[in-house]
Novice: 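If you scroll down you'll find the structure; I have some questions about it.
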Amino acid sequence: MFVWNVLDWGNYMKFSQEMKRKIIQIAAFGYSNTYLHNFANGQLYKGQWKQFCNPGLNCYSCPAARLSCPIGAMQAVSGSVNFNISFYAMGFILAAGVLFGRAICGFVCPFGLIQELLYKVPFPKRKLWKGFTYIKYILLVLFVLIFPAACTNELGMGAPAFCEYICPAGTLEGGIPLLAAHPELRKTIGTLFSLKACILIATLAGCLAVCRFFCKVMCPLGAIYGILNKISVYHMEADKDNCISCGKCRDICPMDVNPVENPGSAECIRCGKCAANCPEQVLFLRFRHR
Amino acid sequence: MGWNQNLRSKSRMDGSRRTAVQIILLSLTVCAMVWGVYRGEMPIVLNKAVNVCLECIGLG
């Protein structure tokens, strides 16, 4: 009787594509940041789950974080004394990218959800110049791949350059809560934190005006997943023959993509808004190729 | 539905090529992960993640 009621409720409730995505995003956010009580005491979760990577961007210095940030993990290993490249973190990111592409950004990235909520704040909205989207590839190559392995100290250890000089997610999720909980840490605030605070403020302002500003401009993880969008198992197909060129898909796309022209675009986060709003149903998101 | 025969066969060819690339890449990435775990990268990640990373939060 109970099972029948649940099934009946499932059929009765018609969740839109966007609502389903939001539920998955919130669930993924909750799973990635289980230890919310740690915000009060300023401690980090120290359990075994931390050796596994989160598919989305979520700072491992966030008190609530259960998993490791894959970009941080990559830099931690490549900056260590013994290794110059992380096969574990790189393999994980590439495997996740081959399976899902940037659907990870659209569905399970905690920082992606934060940006989407920020974009809902009333603020003058802007379109981003496409040239800015190439910045993330430069950041990936220089700050994630080259600097941690090449710029080492006398012990042969490299700094996590992206985390140290750029990542606003680390400042927001890790830096500010830890500084709030530990007065003794505030004495160490210097030029570096000021630089990172400026980057965070600029990023947050960007997120108010441009949907997923960080994803479009700065995210090295999104850059890797974006490259894999063209060959990912979960992909988009467009039936161009039946397209009436109404432009609704292009207008509604939060990532400024034309999905009919370029269904494998590196910017597409597979949110499905275009497919849900297509009057001729010529856009498909699926695992199997047609 | 509205796809003609040529487009459908071309799409199938693209699909099988795509599947082959996916299988090869997935195999390589799984091998990379196993090799990374085998040579001891997970303890490095764990050690970094369970301690406050001062560089990551802008204090280092």
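Just so it is clear, the values below take in all heavy atoms, side chains as well, and ignore hydrogens, waters and symmetry mates. Just so it is clear, the model here is predicted, and its values are computed rather than measured. Letters go in sequence order (proteins before strands), and every chain restarts at 1.
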Novice: Hey, is the main chain of Val50(B) close enough, under 3.5 Å, to the side chain of Lys50(A) for a donor-acceptor pair?
Specialist: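 Such a contact is absent between Lys50(A) side chain and Val50(B) backbone.
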
Novice: Contact between Phe83(A) and Ile44(B) at the side-chain level, heavy atoms closer than 4.5 Å - yes or no?
Specialist: yes

Novice: Any chance you could measure Leu94(A), atom CG, to Leu25(B), atom CG, to the nearest 0.5 Å?
Specialist: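 With rounding to 0.5 Å, CG (Leu94(A)) is 8.0 Å from CG (Leu25(B)).
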
Novice: Spell out, as yes or no, whether a donor-acceptor pair under 3.5 Å connects the side chain of Lys48(B) to the backbone of Ala76(A).
Specialist: no

Novice: What verdict does the side chain to side chain contact (heavy atoms under 4.5 Å, CB included) test give for His235(A) and Arg18(B), after you've listed the backbone C-alpha separation in whole Å, the side-chain angles of each residue and the deciding distance to 0.1 Å?
Specialist: CA-CA 11 Å; His235(A) 66 283; Arg18(B) 189 191 176 103; 2.9 Å; yes

Novice: Does Glu41(B) reach the main-chain N or O of Tyr88(A) with its side chain, forming a donor-acceptor pair under 3.5 Å?
Specialist: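 Yes: the side chain of Glu41(B) pairs with the backbone of Tyr88(A).
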
Novice: Kindly give the heavy-atom pair with the smallest separation between Cys53(B) and Tyr60(A), and that separation in Å.
Specialist: CB-CE1, 4.3 Å

Novice: Checking Asn47(B) against chain A: side chain, backbone, both or neither under 4.5 Å from a heavy atom?
Specialist: neither

Novice: Looking at Ala73(A), Ser194(A), Ser86(A), Gly174(A), which has the largest count of heavy-atom pairs under 4.5 Å with chain B?
Specialist: Ser86(A)

Novice: Just so I know, are the side chains of Leu185(A) and Leu54(B) near enough to count as touching, which here means a heavy-atom distance under 4.5 Å?
Specialist: yes

Novice: Is chain B contacted by the side chain of Ala89(A), its backbone, both, or neither, given a heavy-atom distance below 4.5 Å?
Specialist: backbone

Novice: If you compare all heavy atoms of Met33(B) against all heavy atoms of Phe92(A), which two are closest, and at what distance to 0.1 Å?
Specialist: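 Scanning both residues, the minimum pair turns out to be CG-N, 3.4 Å.
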
Novice: What residue in Asn51(B), Thr19(B), Val34(B), Val30(B) has the most heavy-atom pairs under 4.5 Å with chain A?
Specialist: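 Most heavy-atom pairs under 4.5 Å with chain A: Asn51(B).
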
Novice: What pair of heavy atoms forms the shortest contact from Ala32(B) to Gly91(A), and how long is it?
Specialist: CB-CA, 4.1 Å

Novice: Give, for atom CG of Leu46(B) and atom OG of Ser68(A), the distance between the pair rounded to the nearest 0.5 Å.
Specialist: 7.5 Å

Novice: In terms of heavy-atom contacts, does OH of Tyr31(A) have more than 12 from other residues, nucleotides or ligands at under 6.0 Å?
Specialist: yes

Novice: Report which part of Val52(B) has an atom under 4.5 Å of a heavy atom belonging to chain A: side chain, backbone, both, or neither.
Specialist: both

Novice: Return the minimal non-hydrogen interatomic distance between Thr29(B) and Ala95(A), and the atom names on each side.
Specialist: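 Where Thr29(B) meets Ala95(A) most closely, the heavy atoms are OG1-CB, 3.5 Å.
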
Novice: Please look at Leu44(A) and chain B and tell me whether the side chain, the backbone, both or neither of the residue comes under 4.5 angstrom of a heavy atom of that chain.
Specialist: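 Contact with chain B involves the side chain of Leu44(A) alone.
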
Novice: Where the side chain of Gln22(B) meets the backbone of Ser232(A), is there a donor-acceptor pair that is under 3.5 Å apart?
Specialist: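 Indeed, once roles are kept as given, a pair shorter than 3.5 Å links the two residues.
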
Novice: For Leu178(A), which atoms come within 4.5 Å of any heavy atom of chain B: side chain, backbone, both, or neither?
Specialist: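 The answer is the side chain of Leu178(A).
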
Novice: With chain B as the partner, which of Ile85(A), Val282(A), Leu67(A), Ile166(A) has the greatest number of non-hydrogen pairs under 4.5 Å?
Specialist: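 Going by pairs under 4.5 Å, I would pick Ile85(A).
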
Novice: If you count heavy-atom pairs within less than 4.5 Å of chain B, which of Met74(A), Lys46(A), Gln48(A), Glu173(A) leads?
Specialist: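 Sorted descending by pairs with chain B, the first entry is Lys46(A).
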
